[in-house]
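Each remark here refers to the structure printed beneath this line.
Since the structure is predicted, the reported quantities are computational estimates derived from the model, not experimental observations.
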Amino acid sequence: MLTTIPRGTKDILPGTVHEWRYLEEKIRRLCTVFGFEEIRTPMFEHTELFLRGIGETTDVVEKEMYTFSDRSGRSITLRPENTASAVRAYLQNKLYADGNITKLFYIGSMFRYDKPQAGRYREFHQFGVEAIGEQNPLIDAEVIKLGASLLNQIGLNDIKLKINSVGCPKCRPVYRKKLQAFFKDKFDELCEDCQSRFNRNPLRILDCKNPHCRELSIGAPAITDSLCDECSEHFAQLQRHLTAIGVEYALDPRLVRGLDYYTKTAFEFKYTPLGAQSAVLGGGRYDGLIEECGGAPTPAVGFATGLERILLALETQHLLPAQKNTCDVFIVAMGENATQPAFKLLHQLRDSNIAASMDYAGRSMKSQMKQANKSGAKYTVIIGDDELSKNIASVRNMKDSEQMEIPFDTLIDKLIFEVNK
Ligand code: HAM
């Protein structure tokens, strides 16, 4: 127990951290290019925020939240997603103050009591963006393009974008009625979850993973046939903008997202080889959420992507970068007299921003050379009695095994020069 982590969590070990950093660096650069600024919100919030924000009838709220009372009896929840928190931070800190569109991005841990399997964890990491304060479909297209550019830049070309419009509070009730009429005769055959969705949120029946429910929903009316003029025009414009900037997409009238706050645009990027976890990136517009959280009516659109899923997709396509060696110089000290001069050199090099290492256990020359090789150092400095008596160090270029003798007083300058060459 003491040496095992909780189910659905994962250590990110030194051998793989560089993969995360690679992805995170791409994300940060792309967000800068697109004009999004980073925000970091707390990992836990008042439970009420998620109940109101995400919707009480969603799977996330009903089954997946890590909710507990703190020592003062307040109900606290580990964030299952970051859109509600971003909106809370936007309102609390008046990020709307200059009246312009507010473009935020985040990278961080989210928590859902999900059934763990490949690509699905209980603590997972999302990168997400939220563009708050603009209703023009140009911003929907910009947000989608940002997602597409990320996946493209890391080489994931096999990804399919699906888009839909889930309407607004004006047209969705009409569609709900049509859907209920369609499923009425099939009600008894629906799974238990869908039977409860029938009244509370019939759109979610279209998203059920149960094969029989999927079969039953064949031929269901498409929401895009029930959209009001405003939603219909917004959706048509979005498609024109996407085409104009070269983003390929397919229409999917069955695409409904798992969180309740969506209005108008909904989209998902899918990487089918990941099977049940094929949704690598998803999002949409949420024009009612800011008002729901106590702000003035404010349109907004965003997405989030699961970093574990992206890394898994990169792994299956052999697109992960190799780990780079970080050690520049390895110092081999032979014999007791050499230890302290070597230790001093180690720290002089580090003070000069050179990545340096040495062995502290007084191991044999052979064993220290093995360590030097393993460290990937560009140069190995050997100091023994012989070198000390001549006031020099032997410096080996690990690439061509050429060895030279360098006087101590020029050693550091020489190593700095060689390493930075
Ligand atoms: P979501 O679809 O619930 O949307 O999650 C977004 C992405 O997070 C998914 O496409 C998936 O890649 C990843 N994900 C979700 N659950 C897990 C899990 N248990 N393990 C690993 N990865 C997971 C949202 O969270 C919205 N906040 C997105 C958004 C932002 N909409 C507007 N703005």
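In this structure, Ser165 and Ile223 have side chains that are not in contact, with every pair of non-hydrogen atoms separated by 4.5 Å or more.
At distances below 3.5 Å, not a single donor-acceptor pair connects side-chain atoms of Ser278 with backbone N or O atoms of Leu274. Under the 3.5 Å distance criterion, the side-chain polar atoms of Thr305 are matched with a main-chain donor or acceptor of Val280. Using modelled atom types, one side-chain atom of Arg79 and one backbone atom of Ser109 make a donor-acceptor pair closer than 3.5 Å. Side chain of Arg350 to backbone of Ala356: a donor-acceptor contact under 3.5 angstrom is found. Under a 3.5 Å cut-off, the side chain of Ser375 and the backbone N or O of Ala377 do form a donor-acceptor pair. The backbone N or O of Val61 sits nowhere less than 3.5 Å from a side-chain atom of Glu56 that would complete a donor-acceptor pair. Remark: side-chain polar atoms of Asn210 are paired, donor with acceptor, to backbone N or O of His212 under 3.5 angstrom. For His18 (side chain) and Lys324 (main-chain N/O), no donor-acceptor pair under 3.5 Å exists by modelled atom type. Under the 3.5 Å distance criterion, the side-chain polar atoms of Arg52 are matched with a main-chain donor or acceptor of Glu292. Without hydrogens or angle criteria, Arg309 side chain to Arg120 main chain gives no donor-acceptor distance under 3.5 Å.
Crowding of Gln371 atom CD: a count of heavy atoms from other residues, nucleotides or ligands under 6.0 Å exceeding 12. For CZ of Phe44, the number of neighbouring non-hydrogen atoms (other residues, nucleotides, ligands) closer than 6.0 Å is 12 at most. Heavy atoms from other residues, nucleotides or ligands lying under 6.0 Å from CZ of Arg29 number 12 at most.
Taking SG of Cys327 as the reference point, atom NZ of Lys374 lies at 12.5 Å (rounded to 0.5 Å). Here CD1 of Ile27 is found 8.0 Å from CZ of Phe105. Values are rounded to the nearest 0.5 Å. Taken from CG in Leu346 to CE in Met358, the straight-line distance is 6.5 Å, to the nearest 0.5 Å. Considering CG of Asn93 and OH of Tyr90, their distance stands at 11.5 Å, rounded to 0.5 Å. Taking OG1 from Thr77 and CG from Leu51, the interatomic distance works out to 7.0 Å, rounded to the nearest 0.5 Å. Atom CD1 in Ile205 sits 9.0 Å away from atom CD in Gln195 (nearest 0.5 Å).
Under a 4.0 Å N-O distance rule, the pair Glu38/Arg28 qualifies as a salt bridge. Under the 4.0 Å criterion applied to side-chain N and carboxylate O atoms, Lys421 and Glu418 are assigned as salt-bridge partners. Electrostatic pairing of Lys160 and Asp158 does not count as a salt bridge here, judged by no charged N lying under 4.0 Å from a carboxylate O. Salt-bridge formation is not detected for the pair Glu308/Lys10: no Lys NZ or Arg NE/NH1/NH2 atom is positioned less than 4.0 Å from an Asp or Glu carboxylate oxygen. By the 4.0 Å N-to-carboxylate-O rule, Arg112 lies too far from Asp59 to be salt-bridged with it.
A side chain to side chain contact (heavy atoms under 4.5 Å, CB included) with Phe267 holds for exactly one of Leu281, Leu238, Leu242; it is Leu281. Applying side chain to side chain contact (heavy atoms under 4.5 Å, CB included) to Ile154 and the options Ile310, Leu319, Leu311, Leu320 leaves one that passes, Ile310. Under the side chain to side chain contact (heavy atoms under 4.5 Å, CB included) rule, Leu95 has a single partner from Val87, Asn100, Ile39, which is Ile39. Considering Leu91, Ile101, Thr298 in turn, Leu91 is the only one that fulfils the side chain to side chain contact (heavy atoms under 4.5 Å, CB included) rule with Tyr96.
Taking the six-membered ring where the residue is Trp, the centroids of Phe127 and Phe303 are separated by under 6.0 Å. When ring centroids are compared, Phe343 and His347 come within the 6.0 Å threshold.
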Test side chain to side chain contact (heavy atoms under 4.5 Å, CB included) applied to Leu255 and Ile163, step by step: CA-CA 7 Å; Leu255 176 71; Ile163 63 170; 5.7 Å; no

From CA spacing to verdict: side chain to side chain contact (heavy atoms under 4.5 Å, CB included), Arg285, His234: CA-CA 11 Å; Arg285 187 163 267 286; His234 188 276; 3.4 Å; yes

From CA spacing to verdict: side chain to side chain contact (heavy atoms under 4.5 Å, CB included), Asn82, Met110: CA-CA 8 Å; Asn82 216 13; Met110 309 294 150; 3.6 Å; yes

Side chain to side chain contact (heavy atoms under 4.5 Å, CB included) evaluation trace for Leu349 with Ile331: CA-CA 10 Å; Leu349 288 172; Ile331 305 170; 4.1 Å; yes

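Contact record, Arg88 with Pro42: NH2-CD, 3.5 Å, taken as the closest heavy-atom pair. Nearest approach of Gly119 to Gln277, heavy atoms of both residues: O-CG, 3.5 Å. Summarising the geometry of Asp287 relative to Ala300, their closest heavy-atom pair is OD1-N, 3.1 Å, with the distance given to 0.1 Å. A pairwise comparison of heavy atoms in Pro169 and Pro173 identifies O-CD, 3.2 Å as the closest pair.
Relative to the six-membered ring of Tyr113, Arg122 meets both conditions, a distance below 6.0 Å and an angle of at most 45° to the axis.
Judged as a side chain to side chain donor-acceptor pair (under 3.5 Å), the pairs with a partner in residues 245-267 (not counting sequence neighbours) are, in order, Thr57-Asp260, Glu81-Tyr261, Thr83-Tyr261, Asp140-Thr265, Asn201-Asp260, Ser217-Arg254, Glu230-Lys264, Arg257-Tyr262, Arg257-Glu268.
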